[in-house]
Trainee: 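Questions regarding the structure given below will be posed in turn.
Any value given below was found using the heavy atoms of this structure, including those in side chains, with hydrogens, waters and symmetry copies removed. What you see is a predicted model; the values in this text were computed from it and never measured.
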Amino acid sequence: MVTLIVSTTNDPASINPATELLSMPGWQPGPTLLQDIRSFANQQVRLLQHDKSIVEEDDLDERWEEATNEAVEEVIFFSKHTAVSNRPALTVHPIGVPHLREGDVPPQGGRPGWAAPPDPRMGPWLRLLKEMAASRDMIPEFEVTLEGTHHGPVTSRPTMFLEIGSTEEYWKRQDAAQIMAQLVWEGLGLGGGAAVGNWSSENDKKKVLLGIGGGHYAPRHMDIVVKYDDLWVGHLLSGYSLPMEEPNQSTGKHIGGAWRQSILAAYEATRVAFPGGEILAHLDHKSFKSWQKNAITGFLEEHNIKIGKPNDFK
């Protein structure tokens with residue numbers, strides 16, 4: 001089983017961390033995929049470089065398996081992050097567009113209704129990233145945070161994005177590139193230490209947070225994830241990934257929108273990523289109107305998806 005690290009040459013926040021990672025010991029040239037995707041190998045890690053937008057190359061995991069006969073365990077992308085605030089940031093997030101309906105055109109890759117299995121390393125790596133950033137005095141200049149599930153490309157293996165934000169000045173920051181490279185180096189155990197965030201049968205019944213509601217940076221979900229060292233993170237559905245139409249005044253019952261589809265896709269992908277784990281939905285209650293909260297909790301109960309309060313994640 002191999003881990004794919006994916007970078008693109010047209011994004012400094014992607015290629016710079018990849019270059020920093022390749023400067024560390026043990027890398028050897030690997031095969032070229034489809035004549036335009038270069039690769040490098042180090043133990044059970046494969047670093048891929050291509051020249052397209054990071055969200056355009058779909059199914060790299062399956063294409064790699066077909067070309068090399070190596071089974072892919074997970075896919076990790078280096079990328080830039082943009083934000084209206086322009087605030088410097090180091091972010092971690094799962095991918096998918098589960099709220100889009102068939103026929104919709106995803107603005108940033110992916111496939112309508114799809115969510116990739118979230119990489120189980122996200123929670124442990126977020127906590128490690130915060131520690132590393134603090135030790136390098138990058139906090140509070142940089143915010144270290146989760147983001148909600150969004151964009152492509154399509155993958156079928158557990159996946160996460162590691163992003164540097166939020167303007168060109170920070171995309172090119174060498175210290176940001178170095179910390180992202182070091183996160184991967186230490187997190188995958190390439191330096192000889194124990195890898196961080198391996199999910200295995202030993203984690204059976206460990207608690208996994210499925211975030212529902214709130215803003216893009218999931219602050220209330222974040223509070224819990226950074227508080228408990230033994231907590232794992234699945235998909236994070238921000239409010240915009242839960243489109244809900246207010247019930248018709250005449251019937252008072254039907255609540256339209258793709259929110260049900262979005263929740264089920266995120267839950268199923270999280271379940272696949274954490275076999276044996278106890279998945280608990282955590283609702284950002286303050287982000288919902290009463291009719292929305294009642295509809296969502298009723299839907300979760302109907303589908304036997306457990307709801308957890310903050311203290312349930314200890």
Trainee: Passes salt bridge (charged side-chain N to carboxylate O under 4.0 Å, His left out), Arg87 versus Glu143? Steps please.
Mentor: CA-CA 8 Å; Arg87 181 174 180 181; Glu143 179 182 16; 3.7 Å; yes
Trainee: Walk me through it: do Lys306 and Glu301 pass the test salt bridge (charged side-chain N to carboxylate O under 4.0 Å, His left out)?
Mentor: CA-CA 7 Å; Lys306 296 180 181 179; Glu301 291 168 358; over 6 Å; no
Trainee: Do Met222 and Leu128 belong together in a cluster built from hydrophobic side chains that touch within less than 4.5 Å?
Mentor: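 In one cluster: yes.
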Trainee: Going by atom type alone, with no hydrogens or angles, which donor-acceptor pairs under 3.5 Å involve a side-chain atom of residues 178-196 and a protein atom two or more places apart or on another chain?
Mentor:
unit_1, atom_1, unit_2, atom_2, d
Gln182, NE2, Glu186, OE2, 3.1

Trainee: Got a sec, which residues hit ring pair (Phe, Tyr, Trp, His ring centres under 6.0 Å) with His99, two or more places apart in sequence or on another chain?
Mentor: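 None.
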Trainee: Measuring from atom CD1 of Ile37 to atom OG1 of Thr32, what distance do you get when rounded to the nearest 0.5 angstrom?
Mentor: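 So the gap between those two atoms works out to 9.5 Å.
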Trainee: Counting the benzene-type ring for Trp, do Phe77 and Phe161 have ring centres under 6.0 Å apart?
Mentor: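 Between Phe77 and Phe161, the centre distance is under 6.0 Å.
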Trainee: Compute the ring centroids of His150 and Tyr240, then answer whether they are less than 6.0 Å apart.
Mentor: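 His150 vs Tyr240: aromatic centres not under 6.0 Å.
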Trainee: Do any N or O atoms from the side chain of Arg127 and from the backbone of Val225 form a donor-acceptor pair under 3.5 angstrom?
Mentor: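 Looks like yes, one N/O pair under 3.5 Å.
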Trainee: What's the separation between atom CD1 in Ile164 and atom CZ in Phe78, rounded to the nearest 0.5 Å?
Mentor: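 One finds 8.0 Å between CD1 of Ile164 and CZ of Phe78.
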Trainee: Does any pair with a residue in residues 103-126 pass side chain to side chain donor-acceptor pair (under 3.5 Å), and if so which ones, sequence neighbours excluded?
Mentor: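 For residues 103-126: Glu74-Arg121, Arg121-Asn198.
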Trainee: With rounding to the nearest 0.5 angstrom, report the CG to CD distance, Leu60 to Glu65.
Mentor: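 Answer for the CG-CD pair, Leu60 versus Glu65, is 11.5 Å.
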Trainee: Centroid-to-centroid, His81 to Phe142, below 6.0 Å?
Mentor: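 So the answer is no for these two rings.
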Trainee: Please confirm whether the backbone N or O of Arg157 pairs with a side-chain atom of Asp61, one donor and one acceptor, at under 3.5 Å?
Mentor: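 Yes, the answer is positive, given that a donor and an acceptor are paired below the 3.5 Å cut-off.
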